[in-house]
Number of protein chains: 4
Amino acid sequence: MAKYDNLREQILDQARHLLVEKGYINVTMRKVAHLVGCTPTSIYLYFENKDALIHSLIEEGMDILHQKIKECLAAESDSAAQFKRMCHSFLEFGFTNPEYYVVMFQLPTDEMVPYPAEKYRRARSNLQQFADVLHQARGEKQPTIDPLVDATMVWSLLHGATSLYLAQRIDARIPKELFLTRTVDYAASMLNPIHQSS
Amino acid sequence: MAKYDNLREQILDQARHLLVEKGYINVTMRKVAHLVGCTPTSIYLYFENKDALIHSLIEEGMDILHQKIKECLAAESDSAAQFKRMCHSFLEFGFTNPEYYVVMFQLPTDEMVPYPAEKYRRARSNLQQFADVLHQARGEKQPTIDPLVDATMVWSLLHGATSLYLAQRIDARIPKELFLTRTVDYAASMLNPIHQSS
Amino acid sequence: MAKYDNLREQILDQARHLLVEKGYINVTMRKVAHLVGCTPTSIYLYFENKDALIHSLIEEGMDILHQKIKECLAAESDSAAQFKRMCHSFLEFGFTNPEYYVVMFQLPTDEMVPYPAEKYRRARSNLQQFADVLHQARGEKQPTIDPLVDATMVWSLLHGATSLYLAQRIDARIPKELFLTRTVDYAASMLNPIHQSS
Amino acid sequence: MAKYDNLREQILDQARHLLVEKGYINVTMRKVAHLVGCTPTSIYLYFENKDALIHSLIEEGMDILHQKIKECLAAESDSAAQFKRMCHSFLEFGFTNPEYYVVMFQLPTDEMVPYPAEKYRRARSNLQQFADVLHQARGEKQPTIDPLVDATMVWSLLHGATSLYLAQRIDARIPKELFLTRTVDYAASMLNPIHQSS
DNA sequence: AATGAATGAGGCTTCATTCAT
DNA sequence: AATGAATGAAGCCTCATTCAT
C-alpha cells in the first residue's frame with residue numbers, strides 16, 4: 001500500500017520533471033521508468049497508458065489551482081481585492097509549479113494529448129471563474145464596457161507573464177517578486193477605465 | 001541554383017506547414033520529404049540535420065518580425081505612436097503567421113531543439129528592440145519608474161494574447177479585430193502611470 | 001475443494017470461450033483471468049503454465065469425443081450402422097463444440113503448443129478407433145482394398161467438412177442438417193467399392 | 001534492382017517458412033528479419049506493415065493456384081476429366097506448397113489478418129471455379145441432385161485431405177502418391193449418384 | 001487459496017540518419 | 001543534385017511468468 005502509492009507518485013514526479021525539464025516529446029515511458037528506477041512495464045500497473053499518465057498530471061494541477069482560487073475568494077470580501085489576490089495566486093501557482101503549469105496550459109493538447117472534452121470544460125472553468133470576479137468588480141464601476149474582452153486580456157497578461165517567466169525569458173535583473181506584484185498591478189488597472197484607441 | 005533554392009524553400013514551407021497543422025511531433029524528415037515530393041535523404045543536402053531545419057524556420061521568422069518592427073519605427077515619428085504600432089504589428093505577425101510564431105516562441109527550445117546561444121541573443125534582441133521604444137515613450141513622461149519591468153509586462157501581454165489566440169482559447173464571441181485593438185489599448189495604457197499596489 | 005474445481009473450471013471455460021470467439025492469439029492469461037474475475041497469478045495455482053492450460057482444453061475435448069464415439073458402438077450392432085453413426089457423431093461434435101474442435105484439430109500444435117508425444121498418441125487413437133470400425137464394415141465386403149487409406153479419406157472428409165463449416169465457408173444456402181446428412185452419405189459410400197482411377 | 005527484389009523475396013520466403021514451420025503467431029517482423037539477416041526496419045522498405053506482408057503471401061498463392069487450375073481446364077476437353085485433373089492439381093498444390101496452402105486456407109483470417117473483402121472474393125472464386133466444373137460434369141448426368149452440396153463436399157474432402165497431410169497426421173505407411181490418387185478417385189465418385197441415406 | 005507488485009522479452013512501428021551510387 | 005537501401009535507437013504497449021506475502 002505504502003509502496004503502491006510511492007511508486008505511483010514517483011512516476012508522476014518524474015514525468016512532471018521530464019515534462020518541464022525536457023519538454024513533452026521527452027516524456028516517454030522508457031525515460032520516466034529509467035528515472036524512477038523501474039521497468040516501463042511497471043508504469044502500466046498504475047496508469048492505463050501514456051495518455052492516462054499525462055491526464056493524471058493535468059488533473060492534479062487543476063485541483064491545486066482550483067483550491068488556490070477558492071481560497072482567494074474566501075480570504076477577501078471585496079471583489080477588487082479578490083481579483084487582485086486571484087491574479088497573484090495564479091501567477092504564484094505558475095511560477096512555483098512549472099510542472100503543473102506547463103502541462104495544464106502549454107501542452108499542445110489538440111494533437112498530442114487527447115483530453116476528454118468534459119475535463120477540458122473543467123479546466124476552462126477554472127479560468128472562467130477567475131474571469132467572473134473581474135466581471136463583478138468591473139461590473140460595479142463600468143457596466144458599459146464589455147467585461148469579457150477585458151477578462152480575456154487579463155488572462156492573456158497572466159498567461160504571458162507566466163509563460164515567459166517559466167521559459168526563463170524574463171531579464172535576470174528583474175526580481176521575481178517585483179515582476180509578480182507589478183504584473184498584478186497592471187492587471188488591476190483593468191478595474192479602471194481604459195482610454196479608447198485614438 | 002534556382003532549383004536549389006526552390007527545393008530548399010519547399011522543404012521549409014512544408015516543415016512549417018506540418019508544424020502548424022499537425023504539431024511539432026509530426027514534423028519528421030520523412031513526412032516533410034513526402035509533402036515536398038523528394039527523398040528524406042535530399043533534405044540533408046540543404047540542412048545538416050533536423051535541428052538545423054527547425055533553426056532555419058526560427059531564423060526566417062525572426063527576420064520577418066525584425067523587418068516588420070523596423071517598418072513601425074520608420075512609419076511614425078512619435079514614440080508613443082511607434083509603440084502602439086509595434087504592439088499591433090507584433091500581434092498581427094503572430095496572428096497571421098502561426099507557423100513562425102509557434103516555432104519562434106512556443107517551442108520548448110531548451111532541450112527539444114538545442115539552439116546556439118548566439119542565435120538566441122539575436123532572437124531576444126528582436127524583442128529587446130521592441131521594448132526599447134517603450135523605454136523612450138515612457139522615459140519622456142515617467143523617468144522614475146523602471147521601464148524594463150513595464151516593457152516586460154507589455155511583452156507578457158502580447159505574448160499571452162497571441163498564444164491564447166493561436167491555441168484557440170479566445171472566446172469565439174470576441175471578434176479578432178476587437179481583441180486586437182483592445183489589447184493594443186491595454187498595452188498603450190502602459191504609457192501612463194500605473195496606480196501603486198495597495 | 002468445491003471452490004478449487006470451480007475456479008479451475010471457470011478458467012477452462014473462459015479460455016475456451018476466448019479461443020473460439022477471439023482466436024488463439026487472444027487467449028492470454030491476463031484476459032482469461034479478467035473474464036474469470038481473478039488474478040493472472042491465480043491461474044498458475046491450477047495450471048503450470050499456459051501450455052498446460054491449453055493441453056487441458058485439448059484433453060477435455062478428447063475425452064468428450066472419445067465418450068461420444070464409444071456410445072455409437074454401443075448403440076448399434078451392425079458395423080455399417082456403427083460407422084454411419086460415428087461419422088454423424090463426429091460431425092456433430094465438431095459443429096456443436098467449436099471450442100473443442102479448434103483446439104483439438106486446428107491448432108498448429110507442432111511448435112505453437114508443444115504437446116507431449118504420449119498424449120498425442122491418445123489423441124490419434126481416438127480417430128484410429130474411429131477408423132477401425134470402417135475396417136470392420138469394409139473388411140467384410142472388400143478384403144482386398146487397403147482399408148487404412150479409405151479410413152484416412154473418410155477422416156479427411158469429416159475433418160474438411162467440419163473445418164469449412166466452423167470457418168463459415170459453407171454456402172449459406174445449404175442448411176446445416178442437409179450438409180450433415182449428405183456428408184455422412186458421402187462417407188458411407190466408402191462402404192462400397194470405388195471405381196478405379198482411369 | 002537485383003538486390004531490391006532479392007531482399008523482398010527473401011523476406012517473403014522466410015515469412016512463409018516461419019508460417020509453415022512455427023505457425024502464424026511465430027511470424028513476427030523481428031523473427032523474419034532475423035532469418036533474413038536484416039533489420040526489422042528494412043522489412044518496412046518493402047511492405048507497408050505486417051498485414052501487407054501476409055497479404056502478399058496470400059496473393060502469391062492465389063495466383064499460383066489460379067494458374068494451375070486454368071491449366072487443367074485447357075489440358076482436357078471432357079468435363080469429368082477436367083474435374084479429376086483439378087482435384088489432383090489442388091491436392092498437389094497443397095501438398096507441395098504448404099507455405100501457400102496454410103496462408104490461403106488455414107489462417108484464422110477473421111481476427112488475425114484483416115483481408116480486403118474484394119480480395120477474399122477472388123480467393124473464393126478460385127474454389128468456386130473449381131466447383132463449377134463439377135457442376136458441368138454432374139449436370140450432364142444428374143441434373144436432379146443439387147450440385148452445390150456435392151461440390152461443397154468435394155471441397156471438404158480435398159481441404160481435409162490437404163490439411164491432415166500438411167499436419168502430418170496421415171499414417172506414414174500410406175505413400176503420398178497413393179493417398180493422392182485415391183483421394184481423387186473418391187472425389188470422382190461424386191460424378192456418379194450417391195445412395196440416399198437410409 | 002489467492003494476490004499485488006514487478007519484470008524481461010518481445011510485439012509492431014517510426015524516427016533521424018548514413019553511405020554508396 | 002539526388003536517391004535507394006539500410007540501420008540502430010527508440011516509440012508505446014502486452015505477454016507469460018515469478019516471488020513475496
Side-chain angles (χ1 to χ4, degrees), chain A residues 1-8 25-34 36-53, chain B residues 1-4 6-8 25-33 36-53, chain C residues 1-4 6-8 25-33 36-53, chain D residues 1-8 25-34 36-53:
Chain A
M1 172 99 167
K3 212 175 181 186
Y4 179 102
D5 287 350
N6 188 26
L7 184 49
R8 193 190 130 96
I25 48 163
N26 278 302
V27 181
T28 75
M29 302 307 252
R30 292 235 253 248
K31 284 178 184 163
V32 171
H34 181 75
V36 169
C38 71
T39 314
T41 315
S42 293
I43 300 181
Y44 289 87
L45 291 175
Y46 302 93
F47 303 92
E48 203 185 328
N49 50 35
K50 190 182 171 180
D51 275 354
L53 172 55
Chain B
M1 177 85 171
K3 209 178 180 188
Y4 181 103
N6 187 29
L7 184 48
R8 194 190 129 94
I25 21 170
N26 279 303
V27 181
T28 74
M29 302 305 253
R30 217 175 267 222
K31 285 176 185 165
V32 170
V36 168
C38 71
T39 321
T41 320
S42 296
I43 300 181
Y44 288 87
L45 292 174
Y46 301 93
F47 302 94
E48 199 188 331
N49 52 31
K50 191 182 169 180
D51 276 352
L53 171 56
Chain C
M1 176 89 168
K3 208 178 179 188
Y4 180 102
N6 187 28
L7 185 48
R8 194 190 129 96
I25 21 170
N26 280 303
V27 181
T28 74
M29 302 305 252
R30 217 174 267 220
K31 284 175 186 164
V32 170
V36 168
C38 71
T39 322
T41 320
S42 297
I43 300 180
Y44 288 86
L45 293 174
Y46 301 93
F47 303 94
E48 200 188 330
N49 52 31
K50 192 182 169 182
D51 277 352
L53 172 55
Chain D
M1 173 95 168
K3 212 175 180 186
Y4 180 101
D5 287 349
N6 187 26
L7 183 49
R8 194 191 129 95
I25 47 164
N26 278 302
V27 180
T28 75
M29 301 307 253
R30 292 233 252 248
K31 283 177 185 164
V32 170
H34 181 75
V36 169
C38 71
T39 314
T41 315
S42 294
I43 300 181
Y44 288 87
L45 291 175
Y46 302 93
F47 302 94
E48 202 185 331
N49 50 33
K50 190 182 169 180
D51 275 354
L53 172 55

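Order of the sequence lines sets the chain letters (A, B, ...), proteins ahead of strands, with each chain counted from 1.
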Asks: Give the nucleotide from the list F:dC13, E:dT18, E:dC12 with an atom nearest to the side chain of D:Y44.
Replies: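 Among the listed nucleotides, the one closest to the side chain of D:Y44 is E:dC12.
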Asks: Want to settle it: does B:G37 or D:G37 sit nearer the 5' end of DNA chain F, counting the closest nucleotide to each?
Replies: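 Nearest nucleotide further toward 5': that of B:G37.
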Asks: D:N26 has an atom CG; how far is it from atom P of F:dC15, in whole Å?
Replies: 16 Å
Asks: Under 4.0 Å between any heavy atoms, over every strand shown, what does C:V27 touch: base, sugar-phosphate, or nothing? Just pick one.
Replies: sugar-phosphate
Asks: Of all the heavy-atom pairs spanning C:A33 and C:P40, show the shortest one and how long it is.
Replies: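 Nearest pair, atom of C:A33 first, then C:P40: CB-N, 3.4 Å.
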Asks: Just how far, in rounded Å, is C1' of F:dT14 from CZ of A:F47?
Replies: 18 Å
Asks: Drop me the distance from D:L45's CG to D:L7's CG, to the nearest 0.5 angstrom.
Replies: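 If I round to the nearest 0.5 Å, the distance is 8.0 Å.
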Asks: Taking OP1 and OP2 of F:dA2, is either one under 4.0 Å from a side-chain nitrogen or oxygen of B:Y46?
Replies: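 It does, given that an N or O in the side chain of B:Y46 lies less than 4.0 Å from OP1 or OP2 of F:dA2.
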Asks: OP1 or OP2 of E:dG11 less than 4.0 angstrom from a side-chain nitrogen or oxygen of D:R30, does that happen here?
Replies: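 Result: yes.
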Asks: Looking at E:dA6, I'd like to know if its phosphate oxygens (OP1 or OP2) sit under 4.0 Å from a side-chain N or O belonging to A:S42.
Replies: no
Asks: When both hydrogen-bonding distances must be under 3.5 Å and the geometry is Watson-Crick or G-U wobble, what is F:dT17 paired with, if anything?
Replies: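 Per the H-bond distance test, E:dA6.
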Asks: Looking at D:T41 and E:dT13, is any side-chain donor or acceptor paired with a base atom of the opposite kind under 3.5 Å?
Replies: no
Asks: Which value, rounded to the nearest 0.5 Å, describes the distance between C:I43 atom CD1 and C:R30 atom CZ?
Replies: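 Output value for this atom pair is 11.0 Å.
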Asks: Find the distance C:E48:CD to F:dT17:C1' and express it as a whole number of Å.
Replies: 12 Å
Asks: So, is C:K31 close to the F:dT14 phosphate, meaning a side-chain N or O under 4.0 Å from OP1 or OP2?
Replies: no
Asks: Mind calculating the distance between NE2 (D:H34) and P (F:dT7) to the nearest angstrom?
Replies: 14 Å
Asks: State the pairing partner of F:dA1; accept Watson-Crick or G-U wobble contacts with both distances under 3.5 Å, and report none otherwise.
Replies: none
Asks: Whole angstroms only, please: what is the CD1-C1' distance between D:I25 and E:dA9?
Replies: 15 Å
Asks: So does A:T39 get a side-chain nitrogen or oxygen closer than 4.0 Å to the phosphate oxygens (OP1/OP2) of E:dG8?
Replies: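 A:T39 to E:dG8 OP1/OP2: side-chain N or O found under 4.0 Å.
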Asks: Starting from C1' on E:dG10, measure out to NZ on D:K50 and report it in whole angstrom.
Replies: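 D:K50 atom NZ is separated from E:dG10 atom C1' by 12 Å.
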Asks: Would you indicate which nucleotide in E:dT17, F:dA2, F:dC12 comes nearest to any side-chain atom of B:L7?
Replies: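 Looking only at side-chain atoms, B:L7 lies closest to F:dA2.
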Asks: Go nucleotide by nucleotide along DNA chain F from the 5' end; which of C:T28 and A:P40 gets its closest nucleotide reached first?
Replies: A:P40
Asks: Under the criterion side-chain contact (heavy atoms from CB on, under 4.5 Å), which of C:Y44, C:F47, C:Y46 is the partner of C:L53?
Replies: C:F47
Asks: Please give, in whole Å, the distance from F:dC13 C1' to A:L53 CG?
Replies: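 Answer to the nearest Å: 14 Å.
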Asks: Side chain of D:C38, heavy atoms from C-beta onward: which of F:dA16, F:dC13, F:dT7 has the nearest atom to it?
Replies: F:dT7
Asks: Say you draw a straight line from CD1 of D:I25 to NZ of D:K31; how long is it, rounded to the nearest 0.5 Å?
Replies: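 Taking CD1 in D:I25 and NZ in D:K31, the distance rounds to 7.5 Å.
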Asks: C:L45 side chain: which of E:dA2, F:dA6, E:dG10 is closest?
Replies: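 So the nucleotide nearest the side chain must be E:dA2.
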Asks: How many Å lie between CE on A:M29 and C1' on F:dC12, as a whole number?
Replies: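 A:M29 atom CE is separated from F:dC12 atom C1' by 7 Å.
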Asks: Measuring from atom OG of B:S42 to atom CE of B:M29, what distance do you get when rounded to the nearest 0.5 angstrom?
Replies: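 That separation rounds to 10.5 Å.
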